[in-house]
Amino acid sequence: PASPGQVPPATLSPNLTIGVDDGDEKLMFGMIVRVDVDGRGDIYILDYKFSRVGVFDSKGHFLRQIAVPEGQGPQETTGMPGIAVTPNGTLFINDTRKVIVYDPDGRYVRTFPAGFTIISTGCPGTEELVVLGPHEGKILHVFDARGEWDASFGDMFVPPKKFEPMKEAPIIGAPLRFSCAKDGRVFVLNPHRYEVSVFKDRKLEGVIEGQSDAFAPVRKTSFGFASPVAAVFSIHDLVFIALLTMDPKARKTADVFQAGRQIGTIDLPGEPMAADRHGMIYVAEQEEGPFGRQLAEGSFPKVVRYAVIKN
């Protein structure tokens, strides 16, 4: 963290809030779990509690909503779903083993099986979907909008000796989330040490190594295993790594890296969910989930867009 008097590497300046506390129900959120942005700047917000994706234009005006009902049908999900959006506005909604595809106008197109357990999804500024999930020795898999598999890349992470007998288990070989930048880069946290692998064009471009007391590697707990989760976003020539915590009292921060070197820390007002091509990040400000914080009585979750200004 920055010492008293030290200028942080960047400042966040809010320029849009989506969400209200009363009035139009389409503008109210229950629990925001994912946010993504298309090439036009339209904002897609997945609400787990209200089982829907709300789509808003770049000025925050409501465009449409897409239901994500619970169930086994082709347009239904059974677990905690995720979303990813291409620059042209193709929307992918993933369940644990399948992906539901909607066109840029919100019309249902198809559902396709992944063939393995999906942990997380993202679109790195292309019309393809990248899926995180250990399968046949790789952790990242590329599908086109038709559901055709195109490529797999990224080796499973090597665990410390104590977990070696379990190295094929998904939680040992891969993290619980990854991040896609809109410039084609893909960021994957090593669950065993504070290192982020950076992929570009399906090849390992480099590794960012950090230091933080907030990083806790995969560990055995009374209920199974706990794994670290990071939100990584790239703005200008800076990379921000926010280690997510379920501790409501913990300070919410992101470590800042430039040319692979850790140069400081910034405070965060909530959980960073997405970044666009224009130097903006999209933050969920709510009580539930990682980075949850106490809201005023009667307040509902919001998505706030911030411009990131280099200091």
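Hydrogens, waters and symmetry mates play no part in the numbers below; they use all other heavy atoms, side chains included.
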- Task: For Asp183, check salt bridge (charged side-chain N to carboxylate O under 4.0 Å, His left out) against everything at least two apart and list the hits.
- Result: Arg185
- Query: Hey, are the side chains of Ser227 and Ile171 touching, using non-hydrogen atoms and a 4.5 Å cut-off?
  - Reply: yes
- Item | Lys203 and Asp201 ion-paired at < 4.0 Å | no
- Message: Please determine whether a side-chain nitrogen of the Lys or Arg among Asp105 and Arg64 lies less than 4.0 Å from a carboxylate oxygen of the Asp or Glu.
- Response: no
- Message: Looking at Glu164 and Lys161, would you say the former's side chain and the latter's main chain have a donor-acceptor pair under 3.5 Å?
- Response: no
- In terms of the angle between their ring planes, are Phe56 and Phe62 parallel, tilted or perpendicular, with boundaries placed at 30° and 60°? perpendicular
- From Ile100 CD1 over to Thr77 OG1, what is the distance, rounded to the nearest 0.5 angstrom? 6.0 Å
- Item | Sequence neighbours excluded - side chain to side chain donor-acceptor pair (under 3.5 Å) pairs with any residue from residues 28-38 | Asp36-Lys182, Asp38-Arg40, Asp38-Tyr44
- Task: Could you please spell out the steps behind the ring pair (Phe, Tyr, Trp, His ring centres under 6.0 Å) verdict for Phe50 and Phe300?
- Result: CA-CA 12 Å; Phe50 294 159; Phe300 280 75; 7.2 Å; no
- Message: Counting C-beta onward and ignoring hydrogens, is there a side-chain heavy-atom pair between Pro160 and His192 closer than 4.5 Å?
- Response: yes
- Which atom of Pro165 lies closest to which atom of Lys162, heavy atoms considered: CD-O, 3.9 Å
- Query: Would a distance-only check, ignoring hydrogens and angles, find a side-chain to backbone donor-acceptor pair under 3.5 Å from Asp144 to Arg146?
  - Reply: yes
- Item | Residue pair Met28 / Gly23: nearest heavy atoms and the distance that separates them | SD-O, 4.2 Å
- Task: Using a 4.5 Å cut-off on heavy atoms from C-beta on, say whether the side chain of Val303 contacts that of Met273.
- Result: no
- About how many Å separate CD of Glu209 and CG of Asn190, when rounded to the nearest 0.5 Å? 10.0 Å
- Query: Hey, what do you get for CD1 (Ile93) to CG (Leu46), rounding to the nearest 0.5 Å?
  - Reply: 7.0 Å
- Under a single-linkage definition using a 4.5 Å side-chain heavy-atom cutoff for Ile, Leu, Val, Met, Phe, Trp and Tyr, are Ile118 and Val101 assigned to the same hydrophobic cluster? yes
- Query: Of the options Asn15, Ile18, Ile281, Val283, which is the one that meets Arg305 in a side-chain contact (heavy atoms from CB on, under 4.5 Å)?
  - Reply: Asn15
- Message: Count I, L, V, M, F, W, Y as connected when their side-chain heavy atoms are under 4.5 Å apart, and connections chain through other members. Are Val109 and Leu91 then in the same cluster?
- Response: no
- Task: Answer whether the closest heavy-atom distance between the side chains of Arg177 and Leu132 falls below 4.5 Å.
- Result: no
- Item | 4.5 Å side-chain heavy-atom contact, Cys123 and Val85 | no
- Item | side-chain contact (heavy atoms from CB on, under 4.5 Å) between Val308 and Leu12, worked out | CA-CA 5 Å; Val308 179; Leu12 303 183; 3.8 Å; yes
- Query: Would you call Asp21 and Lys302 a salt bridge, using N to O less than 4.0 angstrom?
  - Reply: yes
- Query: Checking side-chain contact (heavy atoms from CB on, under 4.5 Å) for the pair Leu243/Tyr194: CA distance, chi angles, key distance, verdict?
  - Reply: CA-CA 10 Å; Leu243 295 166; Tyr194 191 8; 4.0 Å; yes
- Using distance alone, with no hydrogens and no angle criterion, decide if Tyr108 and Asp103 have a side-chain donor and acceptor under 3.5 Å apart. no
- For Asp57 and Ile43, which heavy atoms make the closest approach, and how far apart are they? O-CD1, 3.8 Å
- Query: Can Val131 be reached from Val142 by stepping across I, L, V, M, F, W or Y side chains whose heavy atoms are under 4.5 Å apart?
  - Reply: no
- Task: Check the angle between the aromatic planes of Phe116 and His141 and answer parallel, tilted or perpendicular using the 30° and 60° thresholds.
- Result: tilted
- Thinking salt bridges, do Lys252 and Asp267 make one under a 4.0 Å N-O criterion? no
- Query: Centroid-to-centroid, Phe233 to Phe240, below 6.0 Å?
  - Reply: yes
- Ring centroid separation Phe187 to Phe178 under 6.0 Å: no
- Item | Non-hydrogen atoms of Thr111 and Pro74 that approach each other most closely | OG1-O, 2.6 Å
- Item | Check: Phe199 ring centre within less than 6.0 Å of Phe153 ring centre | yes
- Message: Is it true that, when you exclude Glu148 itself, more than 12 heavy atoms of the residues, nucleotides or ligands shown sit nearer than 6.0 Å to its CD?
- Response: yes
- Are Gln65 and Val53 side-chain neighbours, meaning at least one heavy-atom pair lies under 4.5 Å? no
- Query: When you look at Val196 and Val207, which way does the side-chain contact (heavy atoms from CB on, under 4.5 Å) test go after all the steps?
  - Reply: CA-CA 6 Å; Val196 171; Val207 177; over 6 Å; no
- Do the side-chain N and O atoms of Thr11 and Asn311 include a donor-acceptor pair separated by under 3.5 angstrom? yes
- Keeping the roles fixed (side chain from Glu195, backbone from Leu189), state whether a donor-acceptor pair exists under 3.5 Å. no
- Message: Looking at Lys310, I'd like to know if its NZ atom is crowded, meaning that more than 12 non-hydrogen atoms belonging to other residues, nucleotides or ligands lie closer than 6.0 Å.
- Response: yes
- Given side-chain contact (heavy atoms from CB on, under 4.5 Å), test Val33 with Asp47 step by step and report yes or no. CA-CA 6 Å; Val33 289; Asp47 188 325; over 6 Å; no
- Item | Hydrophobic cluster membership, Tyr102 vs Ile83, 4.5 Å side-chain cutoff | yes
- Co-membership, hydrophobic cluster, residues Val188 and Val198, 4.5 Å side-chain: no
- Rounded to the nearest 0.5 Å, what's the gap from OG1 on Thr245 to CD on Glu271? Could you check? 11.0 Å
- Is the closest side-chain heavy-atom distance between Met280 and Ile235 below 4.5 Å? no
- Student check: side-chain heavy atoms of Val99 and Phe143 closer than 4.5 Å: no
- Check Ala145 against Thr90 and note the closest heavy-atom contact, atom names and distance. CB-CG2, 4.5 Å
- Task: Measure the CD1-CD1 distance between Ile139 and Ile119 for me, rounded to the nearest 0.5 Å.
- Result: 8.5 Å
- Query: So how far is it from Leu268 CG to Tyr306 OH, rounded to the nearest 0.5 Å?
  - Reply: 9.0 Å
- Flag yes if more than 12 heavy atoms outside Glu70 fall under 6.0 Å of its CD atom; otherwise flag no. no
- Query: If you draw a 6.0 Å radius around CD in Gln211, do more than 12 non-hydrogen atoms from other residues or ligands fall strictly inside?
  - Reply: no
- Item | Ala274 versus Val35, closest heavy-atom pair with distance | CB-O, 3.4 Å
